[in-house]
Amino acid sequence: MNITINKSSGLNGEIVIPPDKSISHRSAMFLALTGGKAEIKNFSMGADCISTLNIIKSLGCEAAFLGERHLVIDAKNAFSKELYNLDCGNSGTSMRLFSGILASKPNIEAVLYGDESLSKRPMRRVIIPLELMGAKIKHKDFRSPLTVIGKELYPIDYKTPIASAQVKSCILLAGLNTYGETKVTEPYISRNHTERMLKYLEADIKTEGNTVKIKKSQLCPKNISVCGDISSAAFFMVAAAITPNSDIVIKDVGLNPTRTGIVDVLKSMGADIEILDSRIECNEEVGDIRIKTSELKGITIEGEIIPRLIDELPVIAVAATQAEGTTIVKDAGDLRNKESDRIKCLVSELKKIGAHIEETQDGFIIEGKTQLSGDCEVECYHDHRLAMSLYTAALVCQKPVLINEFQWVDISFPEFLPLMESLF
Ligand code: S3P
C-alpha cells in the first residue's frame, strides 16, 4: 500500500493508544509457561504479537478471543510434544525470548525461523550466553533459522556487552527453568517488563542496580491487562509538538521509567508536554499525556538514556528537524540491527524530504530548524517504525510525500492511520 500524505493544519482531540507490544509478547509467552488458564486484556493485534500468539498455539496452548483484544489462554497441554516448527515472522522479540524458553526445556527440539529481515538480524547475542549455560543451538553463522535442542542448563553470572531487553529476557527465561541462581548485569538498564511480569506471576526474581537475579520457579496463572504502547504514542507526541495549532491528549500510555526516555527528551527539547492521571496497573506505571505545538531546541542524546528510547530515535530525528540548533544522537549503533539499518535508512529518506541530517557510526547529527520540502517518494525498508516516522515528518512538509509499502505499520500498529486521521 503506497500512501500520499499532505501537510496538516493541526492535530486536536483525545485518543486511546493501542496495547504495548513488548508487554503483549510477554503476557502470552509467560502464561504459556504457567501450565494454567488466565486472561489477557488489551493484547496487541500487531503482526509481531500475533506471531507470538501463533507460536504458543503451536506449542500446545489453547488461545481464544473472548472479545476485542481480550484473550483466554489455557496452557495445560503446552510443551507436550517433542518437535516444533515455529514461525517468528518479523519479530526479534519472539525469536530471542523463545530461544531462552526452549533451550531450557529437556526433550524438546524446536526450529525458530522468520522472514527475510529477521533472518539477517544478529542472534549471536543470545546464542553465546545460552551456550555458556550449556544450551545446544544450531544456527547459520549466528543467524536464524535456529534449531534449539532443549536440555537441563547451568546457571550463569553474565555481563551483557549491550543494554538489550531481549538478551536480558532470553537469559532470565532460561534461568527460570534452571536450578541455582542465574544473574544478568547490563551496562545500562533496558526495559524491565520481563522482570516486572515474572514477579507479578510469582517468580523468584530480584533486581539490584543493573543486575537481575532469578531462580527456578513455577509461574502462577494470573489475569494480565496490557497498557498502551509509549513507542506508538511517540509518533503522536512528535506530530503534535511539530505541527502548528495542535493540542492532543493520549490516554492510557505505559509510563514505565525504562521506557519514558522520549518524554524526558521532548521536555529537554522544550516541548509543552504534561503527564496527567498517573497510576499503577498490573505492576506497570500508566498515565495520560497532553502535548501541544511547541518551540523545540536541539539537544545531545547519548549514554544511559539510549535504551530508554531506542525505538523512538527515528521519530526523535523528525522532531529534531523542527528544533532550533543541532541535535546529536550518539551511542545508538544498535539501531543498525533493528528491522532495518535504522541509521542508514532514516538518514537517506529524511534527506529526500529535505532534512539536514548526517549519518555517524553510532547515530546521527541534525541541523534545524528546516522547512521540509517534501514533494518526493520515500521507502520504509519493510520497517514499521521508519514508515510511521516518515509519515510524521510528512505532516510538516510544504508539498505531499508518497510513502511506499506503508502496510509495514501493521507489524506493531495496525490502527495507526485511522487514529492519526481522527485528530485532523
Ligand atoms: C524489545 C527490546 C528492544 C526493542 C524491541 C523490543 C523487547 O530490543 O528495540 O523493539 O520487547 O524486549 P533490544 O532488546 O534488542 O534493544
Side-chain angles (χ1 to χ4, degrees), residues 19-30 43-44 46-49 51-52 55 88-101 114 117-118 120-129 142 144 158 160-173 184 186-198 210 212 226-227 229-235 254 256 258-262 284 304-316 331-343 346 362-363 382-389 408-409 411-413:
D20 189 272
K21 181 160 92 74
S22 291
I23 301 177
S24 295
H25 276 299
R26 287 157 173 80
S27 66
M29 288 177 189
F30 300 176
F43 185 80
S44 166
D48 271 7
C49 293
S51 293
T52 284
I55 289 175
C88 301
N90 190 248
S91 171
T93 308
S94 309
M95 184 163 290
R96 296 196 177 115
L97 272 59
F98 275 115
S99 302
I101 291 175
S117 137
L118 186 53
K120 289 187 197 140
R121 294 181 65 186
M123 294 297 148
R124 179 192 286 268
R125 55 185 65 196
V126 290
I127 293 171
I128 295 290
F142 293 103
S144 62
Y158 189 71
T160 62
I162 44 165
S164 157
Q166 294 180 352
V167 174
K168 172 176 64 176
S169 302
C170 168
I171 302 166
L172 292 174
L173 289 166
V184 190
E186 305 186 90
Y188 302 126
I189 298 176
S190 64
R191 67 189 66 188
N192 63 6
H193 305 300
T194 295
E195 296 91 300
R196 286 174 178 235
M197 197 182 291
L198 288 178
N210 291 15
V212 189
V226 182
C227 55
D229 198 327
I230 191 164
S231 299
S232 300
F235 304 103
N256 176 323
T258 62
R259 296 284 298 281
T260 48
I262 173 78
E284 291 281 351
E304 94 184 281
I305 200 170
I306 296 293
R308 296 179 53 230
L309 45 65
I310 187 76
D311 290 340
E312 288 65 76
L313 286 168
V315 80
I316 287 173
D331 304 323
D334 208 34
L335 278 182
R336 297 193 185 275
N337 296 315
K338 297 292 175 187
E339 287 83 332
S340 67
D341 176 339
R342 280 192 182 149
I343 297 179
L346 175 78
D362 64 348
H382 300 181
D383 184 333
H384 54 129
R385 298 201 200 281
L386 279 190
M388 292 183 276
S389 300
W408 282 92
V409 300
I411 289 292
S412 63
F413 199 171

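Indexing begins at 1, ligand by ligand and atom by atom, following the structure's order.
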Q. Should V167 be counted as touching ligand 1, given the test is an N or O pair under 3.5 Å?
A.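 No, there is no polar N/O contact under 3.5 Å.
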Q) Is there at least one pair of N or O atoms, one from D334 and one from ligand 1, spaced under 3.5 Å apart? A) no
Q. Would you say the side-chain atoms of T194 and S169 include a donor-acceptor pair closer than 3.5 Å?
A. yes
Q. Going by atom types alone, do T52 and S94 pair a side-chain donor with an acceptor below 3.5 Å?
A. yes
Note the single closest protein heavy atom to [atom], along with its residue, its atom name and the distance in Å.
| atom | answer |
| --- | --- |
| atom 1 (C) of ligand 1 | Q166 NE2, 3.5 Å |
| atom 4 (C) of ligand 1 | D311 OD2, 3.3 Å |
| atom 11 (O) of ligand 1 | S22 OG, 2.7 Å |
| atom 12 (O) of ligand 1 | R26 NH2, 2.6 Å |
| atom 8 (O) of ligand 1 | K338 NZ, 3.1 Å |

Q | Under-4.0 Å heavy-atom contact with ligand 1, by part of R191 that carries it | A |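 Side chain only; the backbone of R191 stays clear of ligand 1.
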Q | Least distance between heavy atoms, L118 atom then G89 atom | A | CD2-O, 3.4 Å
Q: Take H193 and S22 through the side-chain hydrogen bond (donor to acceptor under 3.5 Å, both in side chains) test and state the conclusion after the steps.
A: CA-CA 7 Å; H193 305 300; S22 291; 4.9 Å; no
Q: Enumerate the atoms of ligand 1 whose separation from the nearest heavy atom of S164 is less than 4.0 angstrom.
A: 13 (P), 14 (O), 15 (O)
Q) Is a side-chain N or O of K21 found less than 3.5 angstrom from the main chain of F413, in a donor-acceptor match? A) no
Q: With side-chain hydrogen bond (donor to acceptor under 3.5 Å, both in side chains) as the test, would you mind laying out the steps for E284 and N256 before giving the verdict?
A: CA-CA 6 Å; E284 291 281 351; N256 176 323; 2.9 Å; yes
Q.
Counting C-beta onward and ignoring hydrogens, is there a side-chain heavy-atom pair between L313 and R342 closer than 4.5 Å?
A. no
